[in-house]
Amino acid sequence: MPQQKDIVKIAIQMPGAYPQLIQLDQKKPLSAVIKEVCDGWNLPGPDNYALQYADGVQTYITESNRLDIKNGCILRLTKAPGRCAEDLYKGIQSSDSDVRCDSLKQLACVSTDVTFAQEFISRNGHSLLVKIVEDAHEAPLIMAHTLTGFMELMDHGIVSWENVSAVFIKKIASFVNATVLDASIQQVSLAILESMVLSSSSLFQQVKQEVTLERLLSQLQVSNQQIQTKAMALLMALLQTAGHADRQELFVFLGKKNLRQYIYKNIIHSSASVGDEMAHYLYVLQSVTLNHLESRMRMPLDSYNQDQREILHGLRQAAFETESENSLSHERRRSLCAKEFKKLGFSNNSNPGQDLLRAPPGLLALDTMAHFASRYPDAYSRFVLENSSREDKHECPFARSSIQLTLILCEILSIGEPPSETGSDYHPIFFAQDQLLDELFCICIQLLNKTWKEMRATQEDFDKVTQPTLALCHCQVLPHRS
């Protein structure tokens with residue numbers, strides 16, 4: 001006698017028959033359960049049948065997933081996955097195009113089930129689909145069903161993407177590169193190429209070689225949101241999989257094409273709302289692009305690097321009208337420099353490079369200060385002179401504040417952190433201009449100075465000042481997508 005905890009009360013349907021209400025004994029072999037159900041409808045050959053969920057994702061019931069069945073579930077008696085795979089395998093090879101089309105349409109649906117996929121692949125069915133694609137003789141509708149079925153089969157990971165041929169890759173890429181083609185074919189072709197790129201570096205190289213980047217960007221400009229999203233997905237896969245040199249090359253190309261500005265105007269601010277999938281890819285683009293700054297963030301200043309030293313001294317020269325230094329003695333020049341670096345807010349005024357040895361923020365702190373000084377010279381001079389002339393311990397030290405603020409901004413922008421697989425929080429301002437960190441710094445350093453004066457802060461109050469500054473920055477400058 002089975003225990004009550006092993007009994008599940010369910011209904012089983014079959015087209016053209018009254019449903020059976022049964023008490024499923026989870027300890028009884030599934031083959032025995034199916035035989036009893038077949039006997040109830042006087043059906044011969046129970047081995048040709050299987051149980052499947054009637055609603056939602058119509059997964060086949062197997063010994064490994066049967067415990068997911070709950071009281072009240074509705075199942076249906078259907079063709080066994082092996083028999084279904086055999087019938088579709090034959091149907092796909094029919095001389096009748098309508099039979100081929102119907103078989104491939106059904107295949108695209110049932111291939112989402114891993115049990116069926118295993119049966120179909122065991123018959124080498126996936127190779128049959130590859131041949132259909134490589135021959136490219138079928139009508140667009142049949143080709144769309146073929147590609148969808150192939151993609152669903154490959155998603156189970158039963159067959160490695162490494163097994164696809166160069167001919168197949170070229171054919172899929174040609175579907176993407178075509179200027180006039182059925183939208184459903186292009187959509188699934190983009191998804192196939194994305195999976196290839198993410199699977200291995202060798203396939204990345206092949207896809208990169210075959211796909212025209214100009215064409216890929218043009219697909220971001222179509223009105224079809226599904227194609228737009230899949231094109232963005234492939235672009236992000238290329239960026240994420242690329243090695244340093246290839247990624248640099250891609251960034252240069254995308255910069256020349258003003259990709260971010262296009263996204264800002266035509267995707268983020270389009271009449272249609274940004275879908276969750278597109279939001280994820282915008283977040284990935286933001287993350288991968290900002291992570292391009294990671295090497296500078298982790299690199300301390302090198303006091304022997306002439307370029308870095310010149311940038312450092314450029315900060316001093318931009319802030320103060322100094323007498324001709326060449327006419328001064330070495331000691332006098334050193335004393336003047338130290339005095340001015342102190343006014344700039346460096347802790348080690350005799351050797352200011354020491355302040356920039358902490359990494360992070362590393363050289364990014366030097367970059368942000370230099371950007372502020374060159375892009376907004378009046379605001380920079382006013383900040384430095386205003387604070388360097390104060391002697392009431394309420395001055396806001398520019399260099400120390402800048403170094404700390406740059407570090408905080410790196411943390412806010414998650415520079416150096418790989419993009420999350422589920423992340424979707426992007427900052428629209430990132431797509432509005434090319435130098436987010438630098439421009440954000442320029443806004444925040446001035447907000448910090450304003451808050452510093454209003455609070456009559458001292459250097460011990462730095463954390464108290466940054467909290468309202470960054471809160472204001474988050475609300476007004478860095479809102480996430482709405």
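Scope of the values below: all heavy atoms of this structure, side chains included, with no hydrogens, waters or symmetry mates. Numbers here simply count residues along the sequence, with the first being 1. Not measured: the values here are computed from a predicted model.
- Counting heavy atoms from C-beta outward, Leu198 and Glu194 have side chains that approach closer than 4.5 Å.
- Salt bridge annotation for Arg100-Asp96: absent, with no cationic side-chain nitrogen under 4.0 angstrom from a carboxylate oxygen.
- A 4.5 Å side-chain heavy-atom check between Leu51 and Thr78 finds every atom pair outside the cut-off.
- Judged by distance alone, the side chains of Gln106 and His145 never bring a donor and an acceptor atom under 3.5 Å apart.
- Ring orientation note: the planes of Phe251 and His292 are tilted relative to one another, at an angle of 30° to 60°.
- Taking the charged nitrogens against the carboxylate oxygens, Lys170 and Glu134 have no contact shorter than 4.0 Å, which rules out a salt bridge.
- Between Phe116 and Phe120, the ring-plane angle classifies as parallel under the 30° and 60° cut-offs.
- You'll find the side chain of Ser287 reaches within 4.5 Å of the side chain of Asn291, heavy atoms only.
- Remark: side-chain polar atoms of Gln433 are paired, donor with acceptor, to backbone N or O of Gln435 under 3.5 angstrom.
- Using a 4.5 Å heavy-atom cutoff, the side chains of Leu409 and Cys444 are in contact.
- No side-chain heavy atom of Pro19 sits less than 4.5 Å from a side-chain heavy atom of Ile12.
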| message | The test is side chain to side chain contact (heavy atoms under 4.5 Å, CB included); show your working for Gln240 and Val284 and say whether it passes. | response | CA-CA 9 Å; Gln240 285 185 273; Val284 171; 3.5 Å; yes
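- The nearest pair of heavy atoms linking His371 to Cys442 is CD2-SG, 3.5 Å.
- With no hydrogens or angles considered, a side-chain donor-acceptor pair links Thr368 and Thr406 at under 3.5 Å.
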| field | Verdict with reasoning, Tyr380 to Phe398, per ring pair (Phe, Tyr, Trp, His ring centres under 6.0 Å) | value | CA-CA 9 Å; Tyr380 171 69; Phe398 173 72; 5.3 Å; yes
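- The side-chain heavy atoms of Leu364 and Cys410, taken from C-beta on, include a pair separated by under 4.5 Å.
- There is a side-chain donor-acceptor pair under 3.5 Å between Ser218 and Arg215.
- A side-chain N or O of Gln205 and one of Asp246 form a donor-acceptor pair less than 3.5 Å apart.
- Side-chain contact, His156 with Gln118: no donor N or O sits under 3.5 Å from an acceptor N or O.
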| said: Run the ring pair (Phe, Tyr, Trp, His ring centres under 6.0 Å) test on His126 and Phe150 for me, step by step, so that the C-alpha distance in whole Å, both residues' side-chain angles and the decisive distance to 0.1 Å come before the verdict. | reply: CA-CA 6 Å; His126 61 293; Phe150 178 80; 7.7 Å; no
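- Ring-plane geometry between Tyr426 and Phe431 is classed as perpendicular, the angle between the planes exceeding 60 degrees on a 0 to 90 degree scale with a lower cut at 30.
- For the pair Gln219 and Ala231, the tightest heavy-atom approach, listed with the atom from each and the gap, is CB-CB, 3.9 Å.
- The pair Arg123-Glu86 meets the salt-bridge criterion, since a charged nitrogen lies less than 4.0 angstrom from a carboxylate oxygen.
- Residues Thr241 and Val197 share a closest heavy-atom pair of CG2-O, 3.4 Å.
- Inter-residue side-chain proximity for Leu107 and Thr146 is flagged as unmet; no heavy-atom pair is nearer than 4.5 Å.
- Nearest heavy-atom pair, Leu356 versus Ala365, reported as atom, atom and distance to 0.1 Å: CD2-CB, 3.8 Å.
- Side chain to side chain, Gln286 and Arg260 fail the donor-acceptor criterion of an N or O pair below 3.5 Å.
- For Asn124 and Ser127, the side-chain atoms include at least one donor-acceptor pair closer than 3.5 Å.
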| query | Are Lys79 and Asp87 close enough, and set up right, to give a salt bridge (Lys or Arg N to Asp or Glu O under 4.0 Å), and what steps lead you there? | reply | CA-CA 10 Å; Lys79 215 184 275 187; Asp87 289 349; 3.0 Å; yes
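- Between Glu210 and Lys171 no salt bridge is recorded (no basic side-chain N to carboxylate O distance below 4.0 Å).
- Between Cys101 and Ile142 the shortest heavy-atom distance is CB-CG1, 3.7 Å.
- A donor-acceptor pair shorter than 3.5 Å can be found between the side chains of Arg76 and Gln58.
- A donor-acceptor pair under 3.5 Å is formed between the side chain of Ser420 and the backbone N or O of Thr422.
- Residues Trp161 and Ile169 form no side-chain contact, since every pair of their non-hydrogen atoms from C-beta on lies 4.5 Å or further apart.
- In this structure, the side chain of His280 does not engage the main chain of Ser424 through any donor-acceptor pair within 3.5 Å.
- Not less than 6.0 angstrom separates the ring centroid of Phe383 from the ring centroid of Tyr376.
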| task | Applying side chain to side chain contact (heavy atoms under 4.5 Å, CB included), run through Val8 and Cys73 and close with a yes or a no. | result | CA-CA 9 Å; Val8 183; Cys73 275; 6.0 Å; no
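- Side-chain atoms of Ser200 and Glu162 form a donor-acceptor pair, as typed in the model, at a separation below 3.5 Å.
- When all heavy atoms are compared, the tightest approach of Asp425 to Tyr283 is O-CD1, 3.5 Å.
- No donor-acceptor contact under 3.5 angstrom links the side chains of Gln52 and Asp113, judged on distance only.
- For the residue pair Tyr60/Glu119, the side-chain donor-acceptor check at 3.5 Å is not satisfied.
- Put simply, the side chain of Asn65 never gets that close to the backbone of Ile61: no donor and acceptor are under 3.5 Å apart.
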